[in-house]
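Here the structure is a predicted model, which means the values were calculated and not measured. Letters go in sequence order (proteins before strands), and every chain restarts at 1.
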Amino acid sequence: MAESLLQVLLQFQPEAPEVKQKRDYDQAARNFSAQVSNISSSHWQKGADTSSDVLTVLDPTTNSIAYAFALRHRIAGIVEKRNVPDTLKPGGALWNKLVKFLEEFDSVQMRYAGHEWRKLVDYVEQIARVMGSPGLAIAPIRSAMTRLDPTTGTFTHMHLRFMELCMETRSYNAAQEILDNYIHSIPTKIPQHVREGLEYSVPCADVATSGEYIHVASGHSEKVTLSDLQEYYLLGAMAYLGLKQFRKAQQMLEHVLVVPTANTANGFMLEAYKKWVLVSCLVHSTDRAIPRTANTVAIKQVKSASKAYEALAEAHAQLSNLSKLKVQIKYGAEIWADDGNTGLVNEVLVSQMRSYVSRLSRTFSAIPVSNIANNLGETPDNIAQYLENMIKEGHLNARLEQSDKPNTGAVLRFFLDPSQGPLAKTEKQQQQVLFEQTLRTNMLAEQVKDASYRLTLTKEYVENLKRVNKKQATGGEAMDTAWDDGIDAEEDIMDDMH
Amino acid sequence: MASITEQSPFFQQRRARGEVVVTDPPKFDLDSYIGNYTGITRIDRLHHIGSHSPYLAADAYRLAIAEAKHGKNVDLYTTLVDEFSNIAPQDPAALTDVAWAEKKTRETQQEQDRLEHELKSYKNNLIKESIRMGNEDLGHFHYDTGDYGSAHKAYMKMREHCTSTKHLADMTLRLVNTSVTQKSWLAVQTNLAKVEASQLKGDDKAKLEPIVSACNGLAHMAINNFREAATYFLKTSPTYLTVEPAAGITWQKDVISPNDVATYGGLCALASMDRSELQDKVLGNSEFRNFLELEPHIRRAINLFCNSKYSACLEVLEGYRNDYLLDVHLSKVLGPIYSRIRTKSIVQYFIPFSCVTLDEMASKFPATGYRIEDELEEMINNGTLDARIDLVDRLLISPPTNPRHDVHSDALAMAEKYDHTLRLRLTRLNMLAAGMEIKADKGQGEKVVSGGMGQTIGEGLRGIGQRMGLS
């Protein structure tokens, strides 16, 4: 029986000549995974821990589908009891197999075994949690996610779980890799006739974007809700805050603020808005404008619920009255603590000093440190130390020098020409950055097209289209179906940059 | 004499209230200056001078009191005498002529009764022209007694009884005059617009034009619109010098004199125009030259500014600061006008240089009461001056520009912004496509929902926030 099981399992060979055509491959993979999923669990348990164990015979990289099923059944068989058996504990044989598989599986095959992929990843998380060291799950989960979808841009429930793990263990660096890949798709319902049978949009196609093979029916993800997404963005923003990447944190928070809403706000928006106000102070951006796509009524609601934060931002902008912010912070200490924002508020206080100094760079070309110290009521030595740090951390394009004049002491000298000084970029560097940006933007444009395409598959769109056609047939005026014409105009601007 | 008046309770009170007191003697001669004016503005100006300059206080008040006694405005008389008695109690003019005041009050009351009675009978007779004249007389009367609000009302009532365009224009001009006296400049502007829109033709219209533009200039200047004020003053035609009285008002004596047009126009132009504009529109303006000849020092100041001799220009203006502070219309806006001229001079002065020492700046633009670097810092911070200060070597430096670098970094910043915007839109689009939307909870009020939810979620996330350890 073990042989026959193996025979079945080895039926599907992704390198075989019969499945050269993507369409045939699709058909074969689909049938194969359906067939394998029908094998009862007792069959899988046979031959375990012998030389003919399917897990040793099968190669995780080439027979990924079969291997995934085998692994899942094996683990399900022994994990039923509450406690985790030794072999599955981190460092145990089965754990190692699981981790190895998640790092090496064939990404194209796993597109067809969404349920198994999800289960296996879930196991990793559960085991790590039961063992009391959730940090161990981070690396395997991350590799499983990136292997399945190198862009990790299709949101799955795993994104949220992963982010929760990272936040619990404070592994912000690990989170960053996933966070930097922005979410470009959300699993949607793709009608069956679109999913199957179309030559160029089969899941195994080389050009497929992850939004096409990770969808509601593919089994990779549990159903995701709006609050899952909002939570993900909020946690992501916090991870960036932990890494002190404030601009990215701000952008993450804006994603929470623009969610579609029927003129009402939810708690995530409130939380996000409070943090957003503080983070906006940190990024030195001159304009603190809510993204235009945000719902104004909802924003008004959260605004009225976060007056204390607005007042703080206002005090932060008053560089001529530095003590005001301190007083405000002290006065609202309870509010910040209640919202878990104390750390961020302290950061705002620190950054005010930075804003003060960087404003000096717009007014002065050189200024004695003692002058700054006088204005701030600090000793020159402290200030000099502080400035030194700022220059080192790249907040300031300037240098400290000793003046040869008597009674002047140390002098802060700013570089007036942006192409000079420690922060200067050569033209080549700039061009390089611009070039990279162009690539990113083009990719993004592609993803927008995909999203737009998916939108055309929805029922509502089709119905609307029907109505429009009808109207046109009766000589009525065409309806404006463009969802935003602003984008096109901006796209033209980008084209000029190439 | 001057020092005694300066220490008088009146001026001490003014100082305590933080109002302007001009201690130095002005350059002009009171008699010849005030000789330019008649009517209400004469008393008003004398009052202004008297209450601002201890040096001229006695003379000005004496003249004003004498003037007031000829009129019907008893309140004005008593105010003037009260104030004067605080300055020079021994002066014979400082004693209230109670008998005159009582007699005058009685007389005015009788006159008012008579006028109102007449108006009533006119109204009964339903003769339009009579009603109009009755209202006009009542307006004149109220204007003379200093009740400008009632005067305004009485003149307004003339409108429906006006039968010719000339009557309409006269009425509106009366309203302009009343509003100028009240110093309600918006009313002045609206009424002037009505005069301009009136259907007068030919000569009549041409006669009113200089009056309208001079008054428009005055109104704009008083509300700090120096640029518009300058434009209006500059297009005032020299016929203003000789224009006949309109609506019974000798405008160049009762409202603003040609000298005022020159001074106000010149200062507003200096405050709002750059060098080439000044050259073209002020010095090269053959019509305005007639006015400028009346005030040669204004002409000199503009000339100096055009020739880039900014410090000399400022010096000339500074010399006349006291005179202008004693001008009833200029004193309120002189501060902004002077500081604008100064700022502009500094900016213009710095343009050809890449680097100037601060001491040089300080000597070119002497500052009183503050340091030049503070002033420059302020100017740089609010964006009027594009420069950097070197406090170590005491230099003002023009920052080097690198357009190529700027274009690159601008492009990059824009691209990033665009990128982010697009991502936000993409998120939104995806959510919409997936049918995700926050829906209002129907059971409770919306506010309660967001607040309550916020709290529970806040509690849930609090742990994380604290654990993040951002210190």
- Query: Can you tell me how far OG1 of T421(B) sits from CD of Q251(A), rounded to the nearest 0.5 angstrom?
  - Reply: 9.0 Å
- Point-to-point distance, once rounded to the nearest 0.5 Å, from CG of D419(B) to CE of M443(A): 9.5 Å
- Hey, mind stepping through H255(A) and L424(B) against side chain to side chain contact (heavy atoms under 4.5 Å, CB included) and telling me if it holds? CA-CA 6 Å; H255(A) 281 282; L424(B) 285 179; 3.6 Å; yes
- Smallest separation among heavy atoms of L434(A) and H408(B), with atom names: CD1-CD2, 3.8 Å
- Item | Considering all heavy atoms, the nearest L426(B)-V448(A) contact | CD1-CA, 3.8 Å
- Task: Could you tell me whether F353(B) atom CZ has more than 12 heavy atoms of other residues or ligands within 6.0 Å of it?
- Result: yes
- Tell me, for L257(A) versus chain B, whether the close heavy atoms (under 4.5 Å) come from the side chain, the backbone, both or neither. neither
- Could you tell me which portion of V224(A) (side chain, backbone, both or neither) has an atom closer than 4.5 angstrom to a non-hydrogen atom of chain B? both
- Closest approach of E416(B) and Q437(A), non-hydrogen atoms and distance? CG-OE1, 3.6 Å
- Message: Set out, in order, the CA-CA distance, both residues' side-chain angles and the distance that settles side chain to side chain contact (heavy atoms under 4.5 Å, CB included) for R423(B) and Q447(A), then state yes or no.
- Response: CA-CA 10 Å; R423(B) 282 186 203 179; Q447(A) 284 155 352; over 6 Å; no
- Query: For chain B, which of N295(A), V345(A), V433(A), V350(A) has the most heavy-atom pairs under 4.5 Å?
  - Reply: V433(A)
- CZ-CG distance between F364(A) and L395(B), expressed to the nearest 0.5 angstrom: 13.0 Å
- Item | Atom CZ of R440(A): over 12 foreign heavy atoms under 6.0 Å | yes
- With only heavy atoms counted, which part of I380(B) is less than 4.5 Å from chain A, the side chain, the backbone, both or neither? side chain
- Turns out that what part of I397(B) lies under 4.5 Å from chain A's heavy atoms comes down to side chain
- With sequence neighbours left out, the residues meeting salt bridge (Lys or Arg N to Asp or Glu O under 4.0 Å) with R340(B) are none
- Heavy-atom contact with chain B under 4.5 Å, split by part of S227(A): neither
- Message: So, using salt bridge (Lys or Arg N to Asp or Glu O under 4.0 Å) as the criterion, who are the partners of D228(A) when residues are at least two apart?
- Response: none
- Contacting moiety of F155(A), where chain B heavy atoms sit under 4.5 Å: neither
